[in-house]
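Okay, structure first, notes after.
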Amino acid sequence: MTDACIRAVVESIHSSPTQAVLYLSGGASLALGLLMSVPGASNTVLEAVVPYSRMSMIQLLTKIPAKYCSQQTADEMALLAYNRALKLSSPGSPVLGVGFTGSLATTRPKQGDHRFHLSTRTSDRHWASTVTLSKGLRSRDQEEKVSSYFLLKAIANACKVSSTFDSELTESDVVADECERFFDEDKELEQLINGQICFKVYPFSSDKSNGDRKIILPGSFNPLHDGHLKLLEAATSICGDGYPCFELSAINADKPPLSIPQIKERVMQFEKIGKTVIISNQPYFYKKAELFPGSAFVIGADTAVRLINPKYYDGSYDRMIETLSGCKRTGCTFIVAGRKVDGTFKVLEDFDVPEVLKDMFVPIPAERFRMDLSSTEIRRSCGL
């Protein structure tokens, strides 16, 4: 196998739009070196973690696995990596989560098989495979090479890149339990509602991203109206660089979750006008800040006054400060538009924002945006 052949595949991976997080344990370390040694790795690799010790794996999985080297563990690693990739990726980019766990040759003889388990997860596909190597046929270095090449081919396949090189498996090696599952839109949304995946992006916008920062307007969008569009436009002009998008939570703090047909119906509104929308499963801003670190959230004054009211933190001023300071540490800010509060038009300056939080609240001047319109009023006027 020539280095040129491997390099060509890695270059093709880096030229694809897919961005990946890799969690590897017990082998395939050469694959990381191959990916990182070819220029363009930052286009592909968002993060690579090697949870090698037992405690490291327990912390990654947040539990003690039934078996550290198993297909189930690799699948769980891949799903965690996929969700991590969603959080770290550029807006609208396809993402990939990779999980690998192996038990390869070591300094002492092993009673069990020399094997590895591999799992990849994208938005619409899960692929998994277990490979049992012929025991005693190879050194540790050689088993590392075989597992790394097999992993690299799997990454190429997930990135929809052709890989013609040989992984150097022999007839005495056993590739077993290979499976592939595809997810349609309904299944993805079901996984989101159930908490398996943290959000789903509908990248309808053709606008180019001016950076990794998201400028997010959360809402129920029942219905989406011109006020939403102009508000996000005004906020984007204030923020400068960033990727404007809307965010709809499928989970409501005080109501049942949206049904899949309801979500799809609301998503259609954004598709018709070519605007990106993210469907999440977090109704609370402190959780949104964890999902979208570094983002600017566009809100109305009515939402801002609730955010800084201790009433919504079990009456604790200290808890309010602690919660919003946590949002601040993630790099999140709030872009605040004027809005009617108890029948009176209010702007950010009308509220007493705690000094420690003031720099994370940015006002939208009323002359830049004011529209006394709400989805509730639209539904009422339509008799809905």
Side-chain angles (χ1 to χ4, degrees), residues 76 78-89 91-95 97 121-126 181-205 214-225 227-229 231-232 243-293 295-300 302-303 306-307 312 323 327 330 332 334 374-376 378-379 384:
E76 291 175 357
L79 184 58
L80 286 168
Y82 173 74
N83 278 304
R84 178 69 172 162
L86 282 173
K87 297 175 185 179
L88 299 179
S89 62
S93 295
V95 301
R121 170 65 198 250
T122 62
S123 64
D124 61 355
R125 176 179 176 265
H126 170 242
R181 291 184 297 147
F182 291 92
F183 311 115
D184 59 16
E185 182 183 9
D186 284 11
K187 188 63 178 177
E188 281 186 78
L189 292 174
E190 179 185 322
Q191 292 173 347
L192 183 143
I193 293 170
N194 292 338
Q196 293 172 270
I197 60 175
C198 56
F199 60 84
K200 175 175 172 57
V201 181
Y202 289 87
F204 296 133
S205 175
K214 298 179 181 74
I215 304 169
I216 301 174
L217 174 56
S220 59
F221 308 112
N222 184 30
L224 174 68
H225 57 72
H228 294 131
L229 303 177
L231 173 54
L232 184 56
Y243 184 86
C245 52
F246 298 87
E247 184 249 342
L248 168 67
S249 176
I251 307 297
N252 190 295
D254 305 312
K255 302 175 185 176
L258 295 177
S259 67
I260 290 174
Q262 284 176 318
I263 295 171
K264 292 169 73 172
E265 182 180 9
R266 295 189 196 181
V267 165
M268 285 178 61
Q269 301 176 104
F270 298 94
E271 185 176 17
K272 289 177 181 176
I273 59 173
K275 298 296 182 183
T276 293
V277 62
I278 300 171
I279 312 301
S280 81
N281 55 16
Q282 295 296 346
Y284 301 108
F285 275 104
Y286 75 96
K287 288 293 188 180
K288 294 181 193 291
E290 294 174 4
L291 282 186
F292 311 112
S295 295
F297 292 99
V298 186
I299 62 176
D302 54 336
T303 300
R306 290 195 298 271
L307 279 176
Y312 298 97
T323 300
C327 296
T330 69
C332 290
F334 296 103
S374 72
S375 297
T376 301
I378 292 175
R379 291 197 304 274
L384 299 176

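These numbers come from the heavy atoms of this one structure, side chains and all, not from hydrogens, waters or symmetry mates. Just so you know, residue 1 is the first one in the sequence shown, and it goes up from there.
The two residues Ser280 and Phe292 come nearest to each other via the heavy atoms CB-CZ, 4.5 Å. Contact between Ser295 and Ile216 at its shortest, heavy atoms only, is OG-CD1, 3.8 Å. Shown here for Leu291 and Phe199, the closest heavy-atom pair between the two residues is O-CE2, 4.1 Å. Smallest separation of non-hydrogen atoms from Asn83 and Gln196: ND2-O, 2.9 Å. Contact detail for Ile251 and Ile193: the closest heavy-atom pair is CD1-O, 4.1 Å. Tyr82 approaches Arg121 most closely through the heavy-atom pair CD1-O, 3.5 Å.
Residue Glu290 holds its CD atom at 11.0 Å from SG of Cys198, rounded to the nearest 0.5 Å. Note that the CG atom of Asp184 and the CD atom of Glu190 stand 9.5 Å from one another [nearest 0.5 Å]. Once rounded to the nearest 0.5 Å, the distance linking CD of Gln191 with OG of Ser123 reads 10.0 Å. Atom-to-atom distance recorded for Ile278:CD1 and Leu192:CG is 11.0 Å, nearest 0.5 angstrom. We find the CD-CZ distance between Glu271 and Phe204 to be 4.0 Å, quoted to the nearest 0.5 Å. Within the model, atoms NZ of Lys287 and OG of Ser249 stand 12.5 Å from one another, a figure rounded to the nearest 0.5 Å.
Relative orientation of the Phe246 and Phe221 rings is perpendicular, given thresholds of 30° and 60° on the angle between their planes.
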Taking it one step at a time, do Leu229 and Ile273 satisfy side-chain contact (heavy atoms from CB on, under 4.5 Å)?
-> CA-CA 10 Å; Leu229 303 177; Ile273 59 173; 3.6 Å; yes
I would like to know whether Phe285 and Ile299 meet side-chain contact (heavy atoms from CB on, under 4.5 Å); could you show each step before the answer?
-> CA-CA 11 Å; Phe285 275 104; Ile299 62 176; 3.6 Å; yes
Verdict with reasoning, Glu185 to Tyr202, per side-chain contact (heavy atoms from CB on, under 4.5 Å) = CA-CA 11 Å; Glu185 182 183 9; Tyr202 289 87; 2.6 Å; yes
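By the salt bridge (Lys or Arg N to Asp or Glu O under 4.0 Å) test, Arg266 is found to be paired with no residue, residues two or more places apart in sequence or in another chain being considered. Applying the salt bridge (Lys or Arg N to Asp or Glu O under 4.0 Å) rule to Arg125 yields the partners Glu180; only residues at least two apart in sequence or on another chain are considered. With sequence neighbours left out, Lys275 forms a salt bridge (Lys or Arg N to Asp or Glu O under 4.0 Å) with no residue at all.
Considering Asn222, Ile279, Asn252, Ile263 as possible partners of Leu258, the one that fulfils the side-chain contact (heavy atoms from CB on, under 4.5 Å) test is Ile263.
Surrounding CD of Glu265 are at most 12 heavy atoms belonging to other residues, nucleotides or ligands under 6.0 Å away.
Looking only at distances, no side-chain donor or acceptor of Ser205 sits under 3.5 Å from a matching main-chain atom of Thr276. Side-chain atoms of Lys288 come within 3.5 Å of backbone atoms of Gln282 as a donor-acceptor pair (strictly under, hydrogens ignored). The backbone N or O of Ile197 lies less than 3.5 Å from a partner atom in the side chain of Asn281, making a donor-acceptor pair.
Within the 4.5 Å cutoff, no side-chain heavy atoms of His126 are placed close to those of Leu79.
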